[in-house]
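All remarks here apply to the structure that follows.
The shown structure was predicted, so the numbers you read here are calculated from the model rather than taken from an experiment.
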Amino acid sequence: MTMSVDEVHDGHAFGPNPSPRIVMMGLRRGGKSSICQVMFHNMQPLDTLYIESTTAPTTSVFSSFIDFAVMELPGQINFTEAMIDAERIFSSCGALIYVIDSQDEYINSLANLHSIILHAVNANPNINIEVFIHKVDGLSEDFRLDAQRDITQRVTDELLDDGLVNVSISFHLTSIFDHSIYEAFSRVVQKLVPQLATLENLLNVLCQHSGIEKAFLFDIGSKIFVATDSSPMDIPTYEICTDFIDITVDMNNLYAADRRPKPVTRSDANANNGTANITNRLESLPQGRPIGSTSRLSNGVILYLQQMVKGLALVCLMRKESMPNIALVEYNIEFFRDALEQLWLIG
């Protein structure tokens with residue numbers, strides 16, 4: 001099956017969009033649509049089993065501290081056809097995400113990926129290539145590492161054979177059934193945040209002067225963390241923070257005046273010529289009341305959440321020894337909020 005030039009260069013899918021822009025590609029049934037639905041439309045992972053294959057470009061607009069659009073392209077796009085304009089697709093693209101089904105034979109996917117990289121780098125030498133080795137939930141830990149090692153070796157060898165030594169390419173093990181997809185997408189987005197270094201410095205200063213062990217700056221709607229401090233991060237800590245966001249938002253919604261808005265579905269996206277606006281979970285909260293929560297874990301760690309600007313939330317991990325100084329912590333967080341607002345207005 002091939003696509004017409006009108007479908008690939010649809011005005012809504014490739015017209016003026018928030019910058020930067022992320023393009024998601026991969027062969028059919030690789031898991032692209034499932035990733036978008038789980039991350040940006042709050043669909044349960046098991047419900048993605050009933051999603052039909054993508055037949056036309058679709059766009060999801062993401063509005064937070066930075067605005068960008070995630071465009072999913074059908075797996076049947078063939079760049080060898082003269083009607084497909086790679087320059088138009090990749091020239092203004094900040095990142096290319098290529099999804100590989102790790103539970104399937106991926107030789108064809110690697111050949112397709114290599115062809116796409118050649119077109120993408122030729123159109124935009126500064127593009128970030130992000131390879132999602134997806135559906136690893138069905139593999140053992142050894143098989144996951146073996147698949148990542150094999151795919152990485154094959155891709156890099158082919159790029160070296162073509163003389164492409166400066167390509168920015170990263171590999172991520174992902175699954176929609178755990179938090180790995182959120183962490184991987186966070187890493188992709190962070191590379192597109194021009195203020196990332198400043199945000200990290202602000203978080204480092206906050207942690208240093210407030211007795212905070214770890215701090216994240218999350219987007220509440222998608223649970224992507226825009227920035228974190230420079231201290232080491234482990235997956236369990238990230239999972240605890242994302243679960244804490246879900247609990248806090250759900251508890252606030254129990255007392256909301258209005259019902260939670262209906263999530264955007266794929267049929268809604270198709271009805272709008274392939275473009276869907278991300279439904280922000282904050283729209284379901286009472287206006288003028290920022291969310292916040294504090295919780296003590298069984299191991300003595302204190303979780304502290306405070307809503308910031310533009311749908312962001314600061315999530316901190318502190319020891320119980322810091323609680324007597326909570327007034328100082330909140331005082332410093334107010335200064336952090338002011339700095340964040342100024343940074344957002346400047347940006």
Side-chain angles (χ1 to χ4, degrees), residues 63-67 182-183 186 189-190 193-234 236-256 280-297 299-347:
S63 179
S64 182
F65 190 78
I66 62 170
D67 296 333
Y182 295 99
E183 185 197 6
S186 297
V189 172
Q190 286 173 17
V193 179
Q195 308 95 337
L196 180 62
T198 304
L199 291 173
E200 291 178 347
N201 288 334
L202 288 173
L203 290 170
N204 286 334
V205 172
L206 177 64
C207 292
Q208 180 181 354
H209 292 86
S210 306
I212 297 174
E213 290 196 348
K214 188 66 182 175
F216 293 92
L217 198 58
F218 276 95
D219 174 80
I220 297 177
S222 65
K223 291 182 290 187
I224 290 175
F225 70 95
V226 179
T228 184
D229 65 283
S230 58
S231 63
M233 188 197 80
D234 54 65
T237 298
Y238 174 75
E239 292 176 350
I240 289 174
C241 291
T242 55
D243 290 342
F244 187 49
I245 291 174
D246 284 335
I247 293 172
T248 302
V249 172
D250 290 342
M251 289 295 293
N252 273 273
N253 286 339
L254 289 176
Y255 303 97
N280 197 315
R281 299 167 70 188
L282 289 177
E283 293 178 1
S284 61
L285 299 174
Q287 295 297 319
R289 189 186 73 181
I291 65 172
S293 180
T294 304
S295 178
R296 185 191 300 268
L297 303 181
N299 60 0
V301 174
I302 306 298
L303 288 174
Y304 182 92
L305 184 149
Q306 192 64 244
Q307 182 181 342
M308 298 285 115
V309 299
K310 284 288 288 181
L312 297 182
L314 176 68
V315 182
C316 304
L317 283 83
M318 301 179 289
R319 291 293 175 185
K320 59 183 179 181
E321 292 80 8
S322 301
M323 288 308 293
N325 299 320
I326 190 64
L328 175 62
V329 173
E330 294 181 341
Y331 180 77
N332 290 337
I333 288 177
E334 285 303 312
F335 276 96
F336 176 80
R337 187 200 306 274
D338 292 341
L340 200 61
E341 291 177 351
Q342 294 178 27
L343 189 62
W344 175 62
L345 292 174
I346 294 174

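Between Tyr304 and Ile326, the closest side-chain pair of non-hydrogen atoms falls below 4.5 Å. Looking only at side-chain heavy atoms (C-beta outward), Leu317 and Leu303 come within less than 4.5 Å of each other. With contacts defined as side-chain heavy-atom distances shorter than 4.5 Å, the pair Val226/Val189 does not qualify. Looking only at side-chain heavy atoms (C-beta outward), Leu297 and Ile240 come within less than 4.5 Å of each other. Side-chain contact between Thr242 and Phe225 is absent, with no heavy atoms from C-beta onward closer than 4.5 Å. Between Ile291 and Ile220, the closest side-chain pair of non-hydrogen atoms falls below 4.5 Å. Side chains of Met308 and Ile333 form a contact here, defined as non-hydrogen atoms less than 4.5 Å apart. In this structure, the side chains of Leu217 and Leu340 come closer than 4.5 Å at one or more pairs of heavy atoms.
In this structure, Ser210 OG and Phe336 CZ are separated by 10.5 Å, a value rounded to the nearest 0.5 Å. Atoms OH and CZ, from Tyr238 and Phe216 in turn, are 8.5 Å apart once rounded to the nearest 0.5 Å. We find the OG1-CG distance between Thr248 and Asp243 to be 10.5 Å, quoted to the nearest 0.5 Å. With rounding to the nearest 0.5 Å, the separation of CG in Asp229 from CD in Glu200 is 8.5 Å. The distance from the CG atom of Leu312 to the CG atom of Leu199 is 8.5 Å, given to the nearest 0.5 Å. Here the CG-NE2 distance, from Asn325 to His209, works out to 13.5 Å after rounding to the nearest 0.5 Å.
No side-chain donor-acceptor contact under 3.5 Å links Lys223 to the backbone of Phe218.
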- Task: Report the C-alpha distance between Asn332 and Val205 in whole Å, list the side-chain angles of each, state the deciding distance to 0.1 Å, and finish with yes or no for side chain to side chain contact (heavy atoms under 4.5 Å, CB included).
- Result: CA-CA 10 Å; Asn332 290 337; Val205 172; over 6 Å; no
- Task: Output, in order, the C-alpha distance, side-chain angles, deciding distance and verdict of side chain to side chain contact (heavy atoms under 4.5 Å, CB included) for Arg319 and Ile302.
- Result: CA-CA 6 Å; Arg319 291 293 175 185; Ile302 306 298; over 6 Å; no
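Between Tyr331 and Phe335, the angle of the ring planes goes over 60°, which puts this pair in the perpendicular group of the 30/60° scheme.
Across all their heavy atoms, Val315 and Cys241 have their closest contact at CG1-SG, 3.7 Å. When all heavy atoms are compared, the tightest approach of Thr228 to Ala215 is OG1-O, 2.8 Å. Ser231 and Glu213 get closest at one heavy-atom pair: OG-O, 3.5 Å.
For the salt bridge (charged side-chain N to carboxylate O under 4.0 Å, His left out) condition, the pairs that include at least one residue of residues 328-345, sequence neighbours left out, are Glu334-Arg337.
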